[in-house]
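These notes concern the structure reproduced below.
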Protein chains: 2
Amino acid sequence: MPELPAPASRRERLRTQTLQELKAASLAEVRERGAVGLSLRSVARRLGMSPAGLYRYVDSREQLLTLLIADGYHDLADHLLVALGTRPTERTAGQAAEPEVPLIAGPDRDVAERIRAVALAYRAWSVAHPNLFGLLFGDPIPGYHAPPGGPTVEAMNRFGRALAQPLIEAWEQGRLRSHPALDAEELAAPLAPMGPAAGELPAAVLARLLLSWGRLHGQVSLEVFGHHHWLMPEGCERLFRADVEVTLRDLGVC
Amino acid sequence: MPELPAPASRRERLRTQTLQELKAASLAEVRERGAVGLSLRSVARRLGMSPAGLYRYVDSREQLLTLLIADGYHDLADHLLVALGTRPTERTAGQAAEPEVPLIAGPDRDVAERIRAVALAYRAWSVAHPNLFGLLFGDPIPGYHAPPGGPTVEAMNRFGRALAQPLIEAWEQGRLRSHPALDAEELAAPLAPMGPAAGELPAAVLARLLLSWGRLHGQVSLEVFGHHHWLMPEGCERLFRADVEVTLRDLGVC
DNA sequence: ATAGCAGAGCGAACGCCGTTCGCAGACGAC
DNA sequence: GTCGTCTGCGAACGGCGTTCGCTCTGCTAT
């Protein structure tokens, strides 16, 4: 979120500052108690405000959650971009202590190392913020659908671009191995009318992206939600690293 | 859940019947509105009971949810077992319309086909019951930890065994391809002290099980929670089938 | 057969929640 | 300085999970 120059009247400055505090307090609640446990009254108590007062800044509890979702995607995207060597020190949004990025591989590094870096960063962020991971990727908010042009989809797109970046590079370098199951035309066909985010990505690359993302996401999801941890108390990270290596071989870059 | 012979007094019969109705009504609520939307008062209204009356059968809303979780694992396990050709017609628990099992491969079929069958059944069940999938694999209930010997873990174990069954067969047939990233000793080491469910499974097989499950689970999770659907309106099933084929090749059975 | 007791169910209440409404004060524009 | 908009608040409504004490029913032991 680039800071707008906006000279902004005193009123407006106070307003945006209050809204930032509101989001920060809500974020803290979500981190501690999960998205389900977010209570407007409790947030109001933190801010020393009346519950009704919050409604000057937020339409409803649900809309507040979507604000946090957008921020969450931005935070995760920032994290991935750090792993890719972009955006070296900025890190404005996430004011709470951020997890270390386990591996940084800038644009000059081999593409396999860059994929590794983004995958490890994805897991590191998710494990460090399980409740935020749940907010982004867990049960969807019952009635909610993101408005097409809104800040939520923009944040999701930024995240998606960061995730796709090294795969696109691999494709540009001609290093994606062809695969009978992945290059079948019946797979590429439904991908042709792709969403607004995909841009000019060829279907075969998009297919590999979704597949690879899905794999890593599955491991992370099972770990964060406690399903791996229960069968395998230790070693989730090693299992994840093994999956990354297998995926790199499948892609052909390693 | 085998039906106990239990001649049971009239009181007891009525009691268990009421409890079944209670669970059925709650299940319907969860199916419609999701686990977050489950309301004891609403369930009581469905049953024509007072809200307080429910507490004769259930300790709390949370405990009711865990009952549904256990039932959900059993239902999913049943579904997988049907795909494996076991348990041909019984299907007692799930009284609501169950999804068709897309592929049935009995014990006489090739192990690759059996893995395919269980994977497709996993997805079919999840897509057919998104809110139940969320109940089992979405955000965990904030404060809850399954009691070690309880019915929940028993149900999870039954599900895990069904999932592992064809992989074990592949291993017994010596058809699991060795893989540098998966047979590394540092991966097997943390798996050695495995949970109560794993039994005598060798670590390398357990590692492949968790890896393969994680992959498929990731695709299903992203699809059910709407993340794939948004980038790729159609073709989730084809993408999933492609992932299954890639996984089969990785395992070496195909 | 009957006395007594455990089980089942209910109404009322408590404290929490999200949300709305009307009112009061503060700020900014003219 | 005046007026309108913005900000905040107290009170209230309906819904929620949960508890308590009461009644009534059915079972069981004598």
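Throughout, a chain's letter reflects where its sequence line sits, starting with A, and its residues are numbered from 1.
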Residues from residues 59-67 of chain B sitting under 4.0 Å of DNA chain D, heavy atoms only? Ser60(B), Arg61(B)
Please report the C-alpha distance between His79(B) and Phe159(B) in whole Å, then the side-chain angles of each, then the deciding distance to 0.1 Å, and finally whether the ring-ring contact (aromatic ring centres under 6.0 Å, His included) criterion is met. CA-CA 9 Å; His79(B) 201 69; Phe159(B) 156 69; over 10 Å; no
Sequence neighbours excluded, which residues qualify as side chain to side chain contact (heavy atoms under 4.5 Å, CB included) partners of Arg56(B)? none
Contact pattern, 5' to 3', of nucleotides 21-30 of chain C - B, S or - by protein heavy atom under 4.0 Å: BB----BS--
By side chain to side chain contact (heavy atoms under 4.5 Å, CB included), which residues pair with Leu103(B), not counting sequence neighbours? Glu113(B), Arg116(B), Ala117(B), Leu120(B)
With a cut-off of less than 4.0 Å, is there a side-chain N or O of Arg15(B) near OP1 or OP2 of dG9(C)? no
Sequence neighbours excluded, the answer for side chain to side chain donor-acceptor pair (under 3.5 Å) partners of Tyr73(A) is none
5'-most by nearest nucleotide on DNA chain D - Pro51(A) or Ser42(B): Pro51(A)
Would you say a side-chain N or O of Ser39(A) is under 4.0 Å from OP1 or OP2 of dC17(C)? yes
Any residue meeting salt bridge (charged side-chain N to carboxylate O under 4.0 Å, His left out) with Arg46(B), in chain and number order, not counting sequence neighbours: Glu29(B), Glu32(B)
Along DNA chain D, 5' to 3', what are the outermost nucleotides having an atom less than 4.0 Å from a heavy atom of chain A? dT5(D) to dA12(D)
The ring pair (Phe, Tyr, Trp, His ring centres under 6.0 Å) partners of His228(B) (sequence neighbours excluded) come to none
Once you round it to whole Å, what is the distance between P of dT19(C) and OH of Tyr55(A)? 3 Å
At 4.0 Å (heavy atoms only), tell me whether Leu54(A) reaches a base, stays on the sugar-phosphate, or touches nothing. nothing
Salt bridge (charged side-chain N to carboxylate O under 4.0 Å, His left out): pairs with one or both residues in residues 121-144 of chain A, sequence neighbours excluded: Arg123(A)-Glu223(A)
Which residues share a salt bridge (charged side-chain N to carboxylate O under 4.0 Å, His left out) with Glu21(B), sequence neighbours left out: none
Looking at residues at least two apart in the chain, or sitting in another chain, which of them share a salt bridge (charged side-chain N to carboxylate O under 4.0 Å, His left out) with Glu237(B)? Arg241(B)
Non-hydrogen atoms of Ala124(B) and Pro102(B) that approach each other most closely: CB-CD, 3.8 Å
Calculate the interatomic distance between Leu47(B) atom CG and dC10(C) atom C1'; express it in whole Å. 15 Å
For residues 57-64 of chain B, dump all side-chain donor-acceptor pairs below 3.5 Å to protein atoms at least two apart in sequence or in another chain.
| from | atom 1 | to | atom 2 | distance (Å) |
| --- | --- | --- | --- | --- |
| Ser60(B) | OG | Glu62(B) | N | 3.4 |
| Ser60(B) | OG | Gln63(B) | N | 3.2 |
| Arg61(B) | NH1 | Leu38(B) | O | 2.3 |
| Gln63(B) | OE1 | Asp59(B) | N | 2.7 |

